[in-house]
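Worksheet: one structure, shown below.
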Amino acid sequence: QVELVESGGGLVQAGGSLRLSCVARGATFIRYAMGWFRQAPGKEREFVASIEKNGDSTRYADFVKDRFTISRDNAKNTVLLQMNSLEPEDTAVYSCAGEIEGSSSSRTLDYDFWGQGTQVTDSS
């Protein structure tokens, strides 16, 4: 049974930064491409960023605009999302997901395992 556990969310003012973390348990982490998605109230879940199994290739949504950076540490079964210059529109529940033997897709239906999510809220 694979479990993904996110942490690092919270209240943040516009222009601030947060670093989200996702730890994979019960998985051979190196087999998984990993992604971050978010869902704001009343909206559909949307792609944020993804990273291939070995970390060499990344993909970002257009709205990230060089503000966010995804990275992974395979020795620690962890994927990170560094978020800078946060905007009120970034308020959402952020979830990580794993794609078995995948290629860091931007599509939710390609992912096999999901975490419960961590809330990021603008406090401005």
- Query: Can you tell if the side chain of Val120 reaches within under 4.5 Å of the side chain of Thr91, non-hydrogen atoms only?
  - Reply: no
- Judged by atom type as modelled, is there a donor-acceptor pair below 3.5 Å linking the side chain of Asp122 to the main-chain atoms of Leu86? no
- Message: Side chains of Val12 and Thr121, heavy atoms from C-beta outward: is any pair under 4.5 Å?
- Response: no
- Message: Using 0.5 Å steps for rounding, measure from the CZ atom of Arg38 to the CD atom of Glu44.
- Response: 14.0 Å
- Minimum heavy-atom distance between Val93 and Gly117, given as atom pair plus value: CG1-CA, 3.8 Å
- Step through the shown structure and confirm whether more than 12 heavy atoms of other residues, nucleotides or ligands are within 6.0 Å of CD on Glu101. yes
- Mind listing the closest non-hydrogen atom pair of Thr78 and Leu80 along with its distance? CG2-CD2, 3.7 Å
- Item | Nearest non-hydrogen partners of Phe113 and Leu4, listed with the distance | O-CD1, 3.5 Å
- Task: Evaluate the criterion ring-ring contact (aromatic ring centres under 6.0 Å, His included) for residue pair Phe37 and Trp114; output intermediate values, then yes/no.
- Result: CA-CA 10 Å; Phe37 293 78; Trp114 292 83; 5.0 Å; yes
- Query: Any side-chain heavy atom of Asp66 sitting closer than 4.5 Å to one from Tyr60?
  - Reply: no
- Item | Main-chain N/O of Gly9 paired with Thr118 side-chain donor or acceptor, under 3.5 Å | yes
- Item | Distance, nearest 0.5 Å, that separates CD1 of Ile51 from OG of Ser71 | 6.0 Å
- Could you give the distance from CD (Glu46) to CH2 (Trp36), rounded to the nearest 0.5 Å? 14.5 Å
- Among the clusters formed by ILVMFWY side chains lying less than 4.5 Å apart, do Leu18 and Val64 turn up in the same one? yes
- Measuring from Asp112:CG to Ile100:CD1, what's the distance to the nearest 0.5 Å? 4.0 Å
- Message: With heavy-atom distances below 4.5 Å as the criterion, would you say the side chains of Leu20 and Glu6 are in contact?
- Response: no
- Note on the structure: Closest non-hydrogen contact found for Cys22 with Met34 is SG-CE, 4.3 Å
- Which atom pair, heavy atoms only, marks the closest approach of Asn54 to Asn74? CA-ND2, 4.3 Å
- Query: How long is the span from the OG atom in Ser124 to the CG atom in Leu11, to the nearest 0.5 Å?
  - Reply: 10.0 Å
- Could you verify whether a donor N or O on one side chain and an acceptor N or O on the other, from Asn84 and Ser17, lie under 3.5 Å apart? yes
- Item | Short N-O contact, Glu52 and Arg72, less than 4.0 angstrom | no
- Message: Does any part of the side chain of Tyr111, heavy atoms only, come nearer than 4.5 Å to the side chain of Ser50, both counted from C-beta?
- Response: yes
- Are more than 12 heavy atoms from other residues, nucleotides or ligands located less than 6.0 Å from atom CD of Gln119? yes
- Item | Thr69 and Leu81: CA distance, side-chain angles, deciding distance, side-chain contact (heavy atoms from CB on, under 4.5 Å) verdict | CA-CA 6 Å; Thr69 302; Leu81 184 68; over 6 Å; no
- Query: Under a 4.5 Å cut-off applied to non-hydrogen side-chain atoms, are Arg67 and Met83 in contact?
  - Reply: no
- Task: Using the six-membered ring of Phe68, assess whether NZ or CZ of Arg19 lies under 6.0 Å from its centre and within 45 degrees of the ring axis.
- Result: no
- Task: For residues Thr108 and Phe47, determine if any side-chain heavy atom of one lies less than 4.5 Å from a side-chain heavy atom of the other.
- Result: no
- Could you tell me the separation between the NZ atom of Lys76 and the OG atom of Ser21, rounded to the nearest 0.5 Å? 9.5 Å
- Item | Heavy-atom donor-acceptor pair, Glu99 side chain to Ser105 backbone, under 3.5 Å | yes
- Query: Is there side-chain contact between Phe29 and Lys53, with heavy atoms separated by less than 4.5 Å?
  - Reply: no
